[in-house]
Amino acid sequence: MDGSGVNPPDPAWAGETGRLVAAWRGARETPVIPAFVLCATFIGFGALTSQTGLSWLDTLFMSIFIFALPGQVVLVDEMARGASVVTAAIAVTATAARLLPMTVSLMPMIRDRQVPKWMEFAVGYFVAVTTWIEATRRCPAVPRRLRAAYILGIAGLLIVMTSAGALIGFFLAASVPPVFSAALLFVMPVYFVCSMLSGTHSVIAGMPIILGLLLGPVFHLLLPSFDLVLTGLVGGTAGFFAMRHRGKTDRAP
């Protein structure tokens, strides 16, 4: 359902399409740019794992089963520091907490009596920023019964691209300068910011992102141990109250 309250027409390929075809369409229709941006970013991650003494199997395992780059980088960092398993698990879990709101907002979009529960759990597992952006952008035009399969198709393609990039970076680590590896890891946050800004339709909607860009460096200098938490808390809270105030203003006679 779009903003006008009218359900958009099903795409021409939907018809009596099964889930396998819907998954294939999801992978096929995933934009090339984010897929290759992810691949390039994971080249940097593969170089990082190689330089910290991990094997290529470790690298591949993390690329498949920890479906978000920040969690993977944090895990590698904790392992390099010699942290305990419990400490590393807590750190990775903390980075994944940011994905909970995305999962909560996405699940009602795919829930349907014809969708098996295991597919809903699989979609929840594969929620990451890129998957969420592409799913929320394109799923409203997909029949509800096929949305879970469509999203899994997107996730499947991204897993292939990220795993390939990680292995390329791992085996080319000796020839990849550290500065270049760090630059590749930074590509993805830049893409995320640009994607989210492109999806905003007003200054107020983009306020949390803009405040995050402005406040991040400030909190990093003042309280480096809590910079991300404070940036998200202040920016998100300010955006929430701004949207709430605008809603009250719009409803006012």
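Classified by interplanar angle (parallel below 30°, tilted 30° to 60°, perpendicular above 60°), the ring pair Phe45/Phe42 is perpendicular.
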| task | Step by step, work out the side-chain hydrogen bond (donor to acceptor under 3.5 Å, both in side chains) result for Ser63 and Ser163. | result | CA-CA 5 Å; Ser63 299; Ser163 299; 4.8 Å; no
| Verdict with supporting geometry, Arg145 and Arg19, side-chain contact (heavy atoms from CB on, under 4.5 Å) | CA-CA 9 Å; Arg145 62 184 176 83; Arg19 296 191 184 101; over 6 Å; no
| task | Quick one: do Leu211 and Val234 satisfy side-chain contact (heavy atoms from CB on, under 4.5 Å)? Show the steps, please. | result | CA-CA 8 Å; Leu211 287 177; Val234 174; 5.6 Å; no
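Of all heavy-atom pairs between Pro217 and Gly212, the closest is CD-O, 4.5 Å. Nearest heavy atoms, Gly71 versus Val92: O-CG2, 3.7 Å. Residue Thr136 comes nearest to Pro140 through the heavy atom pair O-CD, 3.5 Å, listed as atom of the first residue, atom of the second, then distance. Taking both residues in full, the closest heavy atoms of Leu158 and Ala35 are given as CD2-CA, 4.2 Å, listed atom of the first, atom of the second, then distance.
With rounding to the nearest 0.5 angstrom, the CG atom of Leu57 is 11.0 Å from the CE atom of Met62. A distance of 9.0 Å separates CZ in Phe171 from OG in Ser50, rounded to the nearest 0.5 Å. Rounded to the nearest 0.5 angstrom, Thr162 OG1 and Ile66 CD1 are separated by 12.0 Å. Note that CG of Leu152 and CG of Leu20 are 11.0 Å apart. Values are rounded to the nearest 0.5 Å. Residue Leu54 holds its CG atom at 8.0 Å from CG of Leu75, rounded to the nearest 0.5 Å. The distance from atom SG of Cys39 to atom CD1 of Ile168, rounded to the nearest 0.5 Å, is 5.0 Å.
For Ala164, there are no side chain to side chain contact (heavy atoms under 4.5 Å, CB included) partners two or more places apart in sequence or in a different chain.
A continuous path of hydrophobic side-chain contacts links Ile159 to Tyr150 [ILVMFWY only; heavy atoms under 4.5 Å]. Hydrophobic clustering, with ILVMFWY side chains joined whenever heavy atoms are under 4.5 angstrom apart, keeps Ile90 apart from Val74. Each of Leu157 and Leu69 belongs to its own hydrophobic cluster when Ile, Leu, Val, Met, Phe, Trp and Tyr are linked at side-chain heavy-atom distances under 4.5 angstrom. The hydrophobic cluster containing Met161 does not contain Phe126, counting ILVMFWY residues as joined when their side-chain heavy atoms lie under 4.5 angstrom apart, directly or transitively. Under a hydrophobic clustering in which Ile, Leu, Val, Met, Phe, Trp and Tyr are joined whenever their side-chain heavy atoms come within less than 4.5 Å, directly or via other members, Leu167 and Val76 fall into the same cluster.
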With a cut-off of 3.5 Å and sequence neighbours excluded, list every side-chain donor-acceptor pair involving residues 101-114.
{"unit_1": "Thr103", "atom_1": "OG1", "unit_2": "Leu99", "atom_2": "O", "d": "3.0"}
{"unit_1": "Ser105", "atom_1": "OG", "unit_2": "Pro101", "atom_2": "O", "d": "3.3"}
{"unit_1": "Ser105", "atom_1": "OG", "unit_2": "Met102", "atom_2": "O", "d": "2.9"}
{"unit_1": "Ser105", "atom_1": "OG", "unit_2": "Trp132", "atom_2": "NE1", "d": "3.1"}
{"unit_1": "Asp112", "atom_1": "OD2", "unit_2": "Gln114", "atom_2": "N", "d": "2.9"}

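Using a 4.5 Å heavy-atom threshold, the side chains of Tyr125 and Phe65 count as touching. Considering only heavy atoms from C-beta on, Thr52 stays 4.5 Å or farther from Met79 through its side chain. Under the 4.5 Å side-chain criterion, counting only non-hydrogen atoms from C-beta, Ile151 is in contact with Thr131.
Arg138 contributes a side-chain N or O that, together with a main-chain N or O of Glu29, makes up a donor-acceptor pair within less than 3.5 Å. Although no hydrogens or angles enter the test, the distance criterion places a donor-acceptor pair under 3.5 Å between the side chain of Thr237 and the main chain of Leu233.
In Phe36, the CZ atom is not crowded: 12 or fewer heavy atoms of neighbouring residues, nucleotides or ligands sit closer than 6.0 Å.
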